[in-house]
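A note on names: the letters A, B, ... follow the listed sequences, proteins ahead of strands, and every chain is numbered from 1. Only heavy atoms go into these numbers, but all of them, side chains included; no hydrogens, no water, no symmetry mates.
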Amino acid sequence: MPEGPSIVLLKEATAKFEGKKVIAVSGNSKIDKTQMLNNKVIAFRSWGKQLLISFNGFSVRIHLLMFGSYRIDERKEIPERLSLTFKNGELNFYTCSVKIIEGNIDDAYDFTADVMNDNWNAKAAKKKLKLIPNTLVCDVLLDQQIFSGIGNIIKNEVLYRVKIHPNSEIGKIPSLKINKLIKEARNYSFEFLAWKRDFVLKKHWLAHTKKVCLRCNHPIIKEYTGVYHRRSFICTNCT
DNA sequence: TATAATGTTTGAAC
DNA sequence: AGTTCAAACATTAT
């Protein structure tokens, strides 16, 4: 369940552990877990689809990939990949990627590339697009260095809303439409967040998994597009 | 029950 | 040597 907005919700859920000391660590992750023990979490942050747990001098990066999950103050049947116990509860992660990032997190990550971040920089995104005119828009939206946090659902919903075909080359899209695309990438991500928070995300999908266009009633076709071969949902009439 | 899906990394192949 | 590609990982709903 992990596109950027879902990780924002995860970050919010961990807030009660901020500033708290880890009093036990376990899990089948191969990283060195001892360095977390008896250390305080300085902050939980999100960057795109990643949760960053910052300690003094290093951070733990959690990536849920396609199937990862988490539980707070409860456990699943399957073994924990990483489990952190605090005085006021526990934080458990399953089937995820766990890595240690040494040093200051601000040196390792550009938070202006995260569509969910307060410091999101639309102009910087546009600059990056100028450098890759031959790339398809469907691939560009999934590029985490440009639109960190956007996944396949957001990609499809954004393209449908701004009426751009996923196979359009970036360099062939008019500048004003590119602006609209970049704006909607962030705007829709926040709508996604609000709907996800209220457990009503799916019913607001206009294109993703849909078979008929709500705008013009023509069929929506499914096509695997771009270098990632991810499914796209395209209205055959009004794009 | 077999399949496909909100994702990324790795290393082989070209 | 740089790019491209498929495989690997792993869970769950349909």
Task: Closest listed nucleotide, where the reference is the side chain of A:Phe67 and the choices are C:dA10, B:dT8, B:dT6 - done: C:dA10
TODO: Determine the Euclidean distance between corresponding P atoms of B:dT3 and C:dA7; express it in Å to zero decimal places.
DONE: 16 Å
Open item on the list: Determine whether A:Lys210 and A:Phe233 satisfy the following criterion, side-chain contact (heavy atoms from CB on, under 4.5 Å), listing intermediate values before the conclusion.
Closed with: CA-CA 7 Å; A:Lys210 297 295 177 182; A:Phe233 295 86; 5.8 Å; no
- [ ] Please work out if A:Lys155 contacts a base, only the sugar-phosphate, or nothing of the nucleic acid, heavy-atom cut-off 4.0 Å.
- [x] nothing
Task: Nearest-Å distance for atom pair CD1/P, residues A:Ile62 and B:dT8 - done: 15 Å
Task: Partner nucleotide, any strand, of C:dA10 [Watson-Crick/G-U, under 3.5 Å] - done: none
Open item on the list: I'd like to know if A:Lys155 pairs up with A:Asp143 as an ion pair, taking the criterion as any Lys NZ or Arg NE/NH1/NH2 lying under 4.0 Å from an Asp or Glu carboxylate oxygen.
Closed with: no
Task: Listed nucleotide nearest any side-chain atom of A:Pro2, set B:dT6, C:dA10, C:dT11 - done: B:dT6
Task: Watson-Crick/G-U partner (both atom distances under 3.5 Å) of B:dT6 - done: none
Open item on the list: The side chain of A:Lys49 is closest to which nucleotide in this list: C:dA10, B:dT6, B:dT8?
Closed with: B:dT8
TODO: Mind calculating the distance between CH2 (A:Trp205) and P (B:dA5) to the nearest angstrom?
DONE: 11 Å
Open item on the list: Among C:dA6, B:dA5, B:dT6, which nucleotide has an atom closest to any side-chain atom of A:Phe192?
Closed with: B:dT6
- [ ] From the options C:dA10, C:dA6, C:dT11, select the nucleotide whose nearest atom is closest to the side chain of A:Lys76.
- [x] C:dT11
- [ ] Write down the distance between CG (A:Leu65) and P (C:dT11), rounded to a whole number of angstrom.
- [x] 12 Å
Open item on the list: Rounded to whole Å, how long is the line connecting atom CZ of A:Arg231 with atom C1' of B:dT6?
Closed with: 9 Å
TODO: Would you kindly give the CD1-to-C1' distance between A:Ile7 and B:dT8, to the nearest whole Å?
DONE: 13 Å
- [ ] Whole angstrom is fine here: how far is it from CG in A:Asn92 over to P in C:dT11?
- [x] 15 Å
- [ ] Report the distance from atom NZ of A:Lys202 to atom C1' of C:dA13, rounded to the nearest whole Å.
- [x] 8 Å
Task: Rounded distance in Å between the P positions of C:dT12 and B:dT9 - done: 22 Å
TODO: Ignoring the backbone of A:Lys99, work out which of B:dT6, C:dT11, B:dT9 is nearest its side chain.
DONE: B:dT9
Open item on the list: I want to confirm an ordering. Mapping A:Thr95 and A:His229 to their closest nucleotides on DNA chain C, which one lands closer to the 5' end?
Closed with: A:His229
- [ ] Go through the steps to decide whether A:Lys163 and A:Glu184 satisfy the test salt bridge (charged side-chain N to carboxylate O under 4.0 Å, His left out), and finish with yes or no.
- [x] CA-CA 11 Å; A:Lys163 299 188 181 182; A:Glu184 188 62 18; over 6 Å; no
- [ ] State whether A:Arg45 and A:Asp114 are salt-bridged, where the test is any N-O pair (Lys NZ or Arg NE/NH1/NH2 against Asp/Glu carboxylate O) under 4.0 Å.
- [x] no
TODO: Count the heavy atoms belonging to other residues, nucleotides or ligands that lie under 6.0 Å from NZ of A:Lys128, then report whether that count exceeds 12.
DONE: yes
Open item on the list: Tell me the interatomic distance from A:Tyr224, atom OH, to B:dT6, atom P, rounded to whole angstroms.
Closed with: 8 Å
